[in-house]
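Input: a single structure, listed below in structure tokens.
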Amino acid sequence: MDSQHGNYQTVSITKTVPVYPKLLHPQKVLNLSNLDRQCPILMYLVFFYNPSHANKNLSLNSVFSSLKSGLEETLSVWYPAAGRLCSNRNDGKLDLWCNNNGAILVEAVTQVKISQLGDLSQYNDFLEKLVYKPVSDGNFSTMPLVVAQVTKFGCGGYSIGFGASHSLFDGPATYDFLCAWASNSAIMKAKGGLEQQQKPVHERGTLLANCRAPNMATKLSKNPGSVTRAAAIDHLYQLIMQATTHNQNLSDMGSSNQKSYLFRTFHLSGAMIESLKRKVLGQRGGSFTCSSFDVVAAHLWKARTRALGMRKETMVCLQFAVDTRNKMVPPLPNGFSGNAYVLASVALTAGALEEQSHETIVEKIREAKNSISNDYVNAYVDALEGPQGSLPPLKELTIVSDWTRMPFHKISLLHGEAAYASPLVSPIPQVAFFIQNPNDNRGIDVRIGLLSKTLDPFSHYFLNEVQ
């Protein structure tokens, strides 16, 4: 979008209101797990709803009222979302005070037309104006955990910018919350509503017990003589040690300034992904199968590392989030609403990564996935027990967040599905998001932050082999 439109790009906020649960719960403190405490900031997602006949006939006031009433009802069941973070009196760590202080809902208007934003899959600075960002004084106890902004465009279309604290929800829980909100909105109720939603389970349960008992991983291990280690944590320490050994200043290991990054979305069509799979499957016959995630993650890792021009002896690492809901013993309950992800990890030298085939890398990714067990989760949670600092941006580290099983664009907060659901910039800007494409259900949109000098080589290496 042309940034020289000046005031034409203005988004004017017309209303900001607190939204409280329809039914108030008795106040209590919900103990968080170490997984919840890793990233206690708001993560944002913007939904775009094109100007359909049904949406054009809706007034902004009716849309706002529908969303507000739906959010009130949703917060009655998802009551921690109306709370605030607080410090545990015993150890100073973050917990969640369920105090009914409410979420924030904002109404806004702009003369911009959605069509002027161009390709909605591509990040645009204008998107930052479509979400509500509370002013922070560094005190988590005053910050809302859920915020939303509904913006009416000049064309009659709408955006809904949603933000939730990562200490409250992980990706699957965010998806469930948004589905519940959509189901409870007056617009959807008028159409008969959506299917019955899974009742959320807010207590952190087994994950919390592991946090409070640092040696539980050893005690619960099927083989008490061995201690499972969290490869992702070990690999991070090795990357940091590698940087310091080479006299590399931690602040220079990458750039923590998001302005240094260019955010691009690369669309891999279903045909492109099948082409990549054939390269792997062509080397193996019989029953060998390969998921779209595995092959795209392998390809991304090779392309990004090559674009960065790493020395062959440099250790490089691929890490990706794995949902542990069904990895725990016993499994976490259906509807678990907290953070249940850990990172799986694969490490090689840059030289080995370039030399090895896609097939070999895919196998290593599958091995890393399969290593995520109850013992691994326990070891991971225990490793987070010590003091936490922000992760320095390591160029040797490639991180993937897979959203392909969470079709956010299908959530009908208004009439019909969203034209696109776009994440905003994450705290670690070089994270690659794998997103469902609304127009190609077999394809994957890869959103990634790249330093300007690596954009062209990455584009070449990433797209050249799948054409």
Side-chain angles (χ1 to χ4, degrees), residues 33-35 38 170-172 206-207 210 216-239 273 276-277 279-302 305 315-334 336 339-349 352-353 356-384 397-406 431-434 444:
S33 77
N34 286 345
L35 298 182
Q38 293 180 89
D170 63 4
T206 308
L207 288 174
N210 292 337
M216 190 64 71
T218 304
K219 294 178 182 178
L220 294 181
S221 175
K222 294 179 181 178
N223 182 4
S226 65
V227 177
T228 300
R229 296 186 64 85
I233 305 295
D234 288 345
H235 290 163
L236 283 177
Y237 279 124
Q238 290 170 36
L239 289 178
I273 294 173
L276 270 177
K277 286 183 179 181
K279 289 186 177 182
V280 175
L281 298 175
Q283 302 165 42
R284 287 281 292 270
S287 61
F288 183 79
T289 59
C290 177
S291 73
S292 295
F293 172 85
D294 293 347
V295 73
V296 175
H299 185 59
L300 172 82
W301 189 24
K302 288 172 74 74
T305 302
M315 174 187 171
V316 294
C317 187
L318 170 70
Q319 297 196 346
F320 51 92
V322 175
D323 187 349
T324 68
R325 284 168 172 78
N326 293 319
K327 304 285 188 180
M328 300 295 292
V329 180
L332 296 175
N334 291 334
F336 179 80
N339 284 273
Y341 74 94
V342 298
L343 292 173
S345 188
V346 183
L348 291 169
T349 64
L353 177 61
Q356 292 184 3
S357 65
H358 279 74
E359 174 198 7
T360 302
I361 305 306
V362 164
E363 288 183 332
K364 290 183 180 298
I365 289 172
R366 292 169 64 168
E367 289 171 3
K369 278 185 182 177
N370 292 334
S371 74
I372 307 301
S373 63
N374 189 73
D375 290 347
Y376 185 102
V377 177
N378 290 335
Y380 194 100
V381 171
D382 290 345
L384 297 175
L397 176 62
T398 299
I399 306 177
V400 174
S401 181
D402 184 15
W403 288 19
T404 56
R405 297 187 181 184
M406 298 172 284
V431 170
F433 292 95
F434 289 6
I444 295 176

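The first residue in the sequence is number 1, and the count goes up from there.
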Item to complete: Could you check if a side-chain atom of Leu348 sits within less than 4.5 angstrom of a side-chain atom of Trp301, using non-hydrogen atoms only?
Response: yes

Worksheet item: Do Thr398 and Val316 touch side chain to side chain, with heavy atoms closer than 4.5 Å?
Response: no

Item to complete: Grab the two heavy atoms, one from Ala344 and one from Ala368, that are nearest each other, plus how far apart they are.
Response: CB-O, 3.8 Å

Practice prompt. Of all the heavy-atom pairs spanning Ala231 and Ser345, show the shortest one and how long it is.
Written response: C-CB, 4.1 Å

Worksheet item: CD1/Ile233 to OH/Tyr376 distance, rounded to the nearest 0.5 angstrom?
Response: 7.0 Å

Worksheet item: Hey, what do you get for CD (Gln38) to CG (Leu384), rounding to the nearest 0.5 Å?
Response: 4.5 Å

Worksheet item: What are the two closest non-hydrogen atoms of Leu343 and Ala232, and how far apart are they?
Response: O-CB, 3.2 Å

Worksheet entry | With Ser401 via side-chain contact (heavy atoms from CB on, under 4.5 Å) - residues at least two apart | Trp403, Val431, Phe433

Practice prompt. Output all residues satisfying ring-ring contact (aromatic ring centres under 6.0 Å, His included) with Phe320, sequence neighbours left out; order by chain, then residue number.
Written response: Phe293

Fill in: Asp294 and Lys369 ion-paired at < 4.0 Å
yes

Discussion item. Side chains of Thr324 and Tyr380, heavy atoms from C-beta outward: is any pair under 4.5 Å?
Written reply: no

Fill in: Pairwise side-chain contact, Arg405 with Asp323, heavy-atom cut-off 4.5 Å (strictly under)
no

Practice prompt. Establish, from distance only, whether the side-chain atoms of Asp402 and Thr404 form a donor-acceptor pair under 3.5 Å.
Written response: yes

Response to the item:
Value for OG1 (Thr305) from CG (Leu353), rounded to nearest 0.5 Å, stands at 5.0 Å

Worksheet item: If every non-hydrogen atom of Ala298 is compared with every non-hydrogen atom of Ile365, which pair is closest and at what distance?
Response: N-CD1, 3.6 Å

Worksheet item: So do the side chains of Val322 and Lys327 get within less than 4.5 Å of each other, counting heavy atoms only?
Response: yes

Worksheet item: Do the non-hydrogen side-chain atoms of Leu207 and Val377 ever get within less than 4.5 Å of each other?
Response: yes

Fill in: Arg229 side, atom CZ; Asp375 side, atom CG - distance, nearest 0.5 Å
13.5 Å

Response to the item:
Output for pair (Leu239 CG, His235 NE2), nearest 0.5 Å, gives 8.5 Å

Worksheet item: Crowded around Arg325 CZ? As in, over 12 foreign heavy atoms under 6.0 Å?
Response: yes

Worksheet, complete the sentence: Between Val362 and Cys290 the two heavy atoms that sit nearest each other are CG1-SG, 4.0 Å

Worksheet item: Which value, rounded to the nearest 0.5 Å, describes the distance between Asp170 atom CG and Met406 atom CE?
Response: 8.0 Å

Worksheet item: Just one of Lys279, Lys302, His299 clears the side-chain hydrogen bond (donor to acceptor under 3.5 Å, both in side chains) bar with His358, so which one?
Response: His299

Discussion item. I'd like to check the side-chain contact (heavy atoms from CB on, under 4.5 Å) partners of Lys277; sequence neighbours left out, ordered by chain and number.
Written reply: Ile273, Glu274, Leu281, Ser292, Val295

Worksheet item: Between Lys364 and Leu318, is a side chain to side chain contact (heavy atoms under 4.5 Å, CB included) present by the stated rule, with each step listed?
Response: CA-CA 10 Å; Lys364 290 183 180 298; Leu318 170 70; over 6 Å; no

